[in-house]
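As structure tokens, the structure follows; a few thoughts come after it.
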Amino acid sequence: MARSVTSSSTAVASRKRKSTGNVEGTKGRSTKQSKNSLDAYFSPQVLASSAPGEDEGSKQHVSLNEQQISVLKMVVEEEKNVFFTGAAGTGKSLLLRAIITALRKKHAKKPECVSVTASTGMAASNIGGTTIHAWGAVTPGMHDIGKLISCIKTARPAHQRWKTTKVLIIDEACCNRRFLPAPSCH
Ligand SMILES: Nc1ncnc2c1ncn2[C@@H]1O[C@H](COP(=O)(O)OP(=O)(O)OP(=O)(O)O)[C@@H](O)[C@H]1O
């Protein structure tokens with residue numbers, strides 16, 4: 001199955017995901033080195049978003065803080081399923097952009113492995129993604145797994161996306177409590 005990253009907040013799911021983690025739950029575990037090491041595909045400098053009314057050119061590169069880096073590692077290096085959340089202005093969006101950049105670098109040869117979605121159209125457009133419902137051909141509020149799978153199978157492009165995606169990002173995941181991806185679908 002695909003692994004996922006969700007946030008309020010964001011979730012990332014991966015086909016190789018081993019467990020769920022959060023920042024507080026980060027445990028020192030061995031990570032793959034060599035070409036899969038963080039440094040190989042991630043630059044810790046992230047373009048900060050400009051304030052409303054500010055010139056786009058005024059954007060500055062900032063470095064992720066320790067907590068953001070630990071989440072980034074859990075997602076990109078350790079390939080865990082991660083849900084991260086936090087109070088307003090704590091850097092979730094910046095972290096998510098860094099995660100997307102790092103995952104796209106890591107999977108540059110197979111871009112279809114990384115899917116970027118959100119629970120609302122507005123949130124999706126902010127991160128250059130699509131809604132989770134459009135992406136996966138899933139109906140909000142449908143809890144019958146059998147029916148969900150039937151729906152997905154009749155929508156070929158969506159079915160293909162479920163099969164090829166290794167990392168599924170869902171931003172603002174908690175905005176839509178009626179739908180959370182059912183891992184048993186894939
Ligand atoms: N590590 C960092 N170093 C410097 N600035 C940062 C860092 N992380 C985030 N920021 C800045 O803090 C501000 C808030 O960050 P961001 O928009 O990512 O927060 P958020 O948690 O997504 O907020 P909200 O929940 O309101 O959407 C932004 O201006 C961002 O550039």
Side-chain angles (χ1 to χ4, degrees), residues 2-14 17 19-29 31 36-108 111 114-136 140 165 167-181:
R3 68 190 169 98
S4 73
V5 178
T6 46
S7 129
S8 47
S9 311
T10 300
V12 183
S14 161
R17 283 286 140 109
S19 62
T20 302
N22 57 31
V23 176
E24 287 74 26
T26 307
K27 291 262 190 314
R29 55 181 292 166
T31 55
N36 278 344
S37 75
L38 195 63
D39 293 341
Y41 44 76
F42 176 68
S43 153
Q45 292 287 302
V46 185
L47 199 58
S49 40
S50 45
E54 238 176 42
D55 182 4
E56 282 281 303
S58 62
K59 286 182 181 178
Q60 290 185 334
H61 281 88
V62 297
S63 299
L64 296 185
N65 63 33
E66 206 177 307
Q67 211 173 22
Q68 288 167 324
I69 287 174
S70 85
V71 176
L72 181 80
K73 282 186 174 176
M74 279 194 276
V75 173
V76 182
E77 272 196 347
E78 298 167 24
E79 302 188 343
K80 288 180 175 172
N81 286 307
V82 174
F83 174 88
F84 68 88
T85 188
T90 48
K92 302 180 296 294
S93 302
L94 188 113
L95 170 60
L96 183 58
R97 287 204 301 279
I99 287 172
I100 292 169
T101 302
L103 286 171
R104 287 197 167 138
K105 280 187 189 176
K106 181 177 180 180
H107 296 283
V114 182
S115 290
V116 179
T117 74
S119 61
T120 66
M122 183 70 82
S125 75
N126 283 342
I127 52 171
T130 184
T131 64
I132 181 67
H133 308 101
W135 176 88
T165 294
V167 189
L168 175 60
I169 293 173
I170 310 171
D171 195 13
E172 302 289 358
C174 64
C175 288
N176 194 342
R177 287 160 193 255
R178 295 198 306 165
F179 170 73
L180 280 176

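Just follow the structure's listing: the first ligand is 1, and inside any ligand the first atom is 1. If you're wondering where the values come from, they're calculated on a predicted model, not measured in any experiment.
- Side-chain atoms of Asn126 and Asp171, non-hydrogen and from C-beta on, never get closer than 4.5 Å to each other.
- You'll find the side chain of Leu64 reaches within 4.5 Å of the side chain of Leu94, heavy atoms only.
- With sequence neighbours left out, the side chain to side chain contact (heavy atoms under 4.5 Å, CB included) criterion links Ser115 to Trp135, Thr165, Leu168.
- In this structure, Asn65 and Gln68 have side chains that are in contact, with non-hydrogen atoms separated by less than 4.5 Å.
- Here the NE2 atom belonging to His133 is positioned 10.0 Å from the OG1 atom belonging to Thr120, to the nearest 0.5 angstrom.
- At a heavy-atom cutoff of 4.0 Å, ligand 1 is contacted by no atom of Leu95, backbone or side chain.
- In terms of polar-atom proximity, defined here as any N/O pair under 3.5 Å, Ala88 makes no such contact with ligand 1.
- Residue-ligand proximity, Ala87 to ligand 1, at heavy-atom distances under 4.0 Å covers atoms 21 (O).
- Residues Val116 and Arg104 have side chains in contact (heavy-atom distance under 4.5 Å, counting atoms from C-beta outward).
- Residue-ligand proximity: Gly89 is placed with a non-hydrogen atom under 4.0 Å from ligand 1.
- Counting the atoms of ligand 1 from 1 in the order shown, those under 4.0 Å from a heavy atom of Ser63 are 1 (N), 2 (C), 3 (N).
- Of all atoms in ligand 1, listed by their number and element, those nearer than 4.0 Å to a heavy atom of Leu64 are 1 (N).
- Under 4.0 Å from ligand 1, the heavy atoms of Val62 that appear belong solely to its side chain.
- Proximity annotation for atom 7 (C) of ligand 1: of Leu94, Thr90, Asp171, Leu94 comes nearest, heavy atoms only.
- For ligand 1 and Asn65, the ligand atoms under 4.0 Å from any heavy atom of the residue are 1 (N).
- Ranked by closest heavy atom to atom 19 (O) of ligand 1, the top entry among Ala123, Gly86, Gly91 is Gly91.
- Residues Leu72 and Leu95 meet the side-chain proximity criterion, which asks for heavy atoms closer than 4.5 Å.
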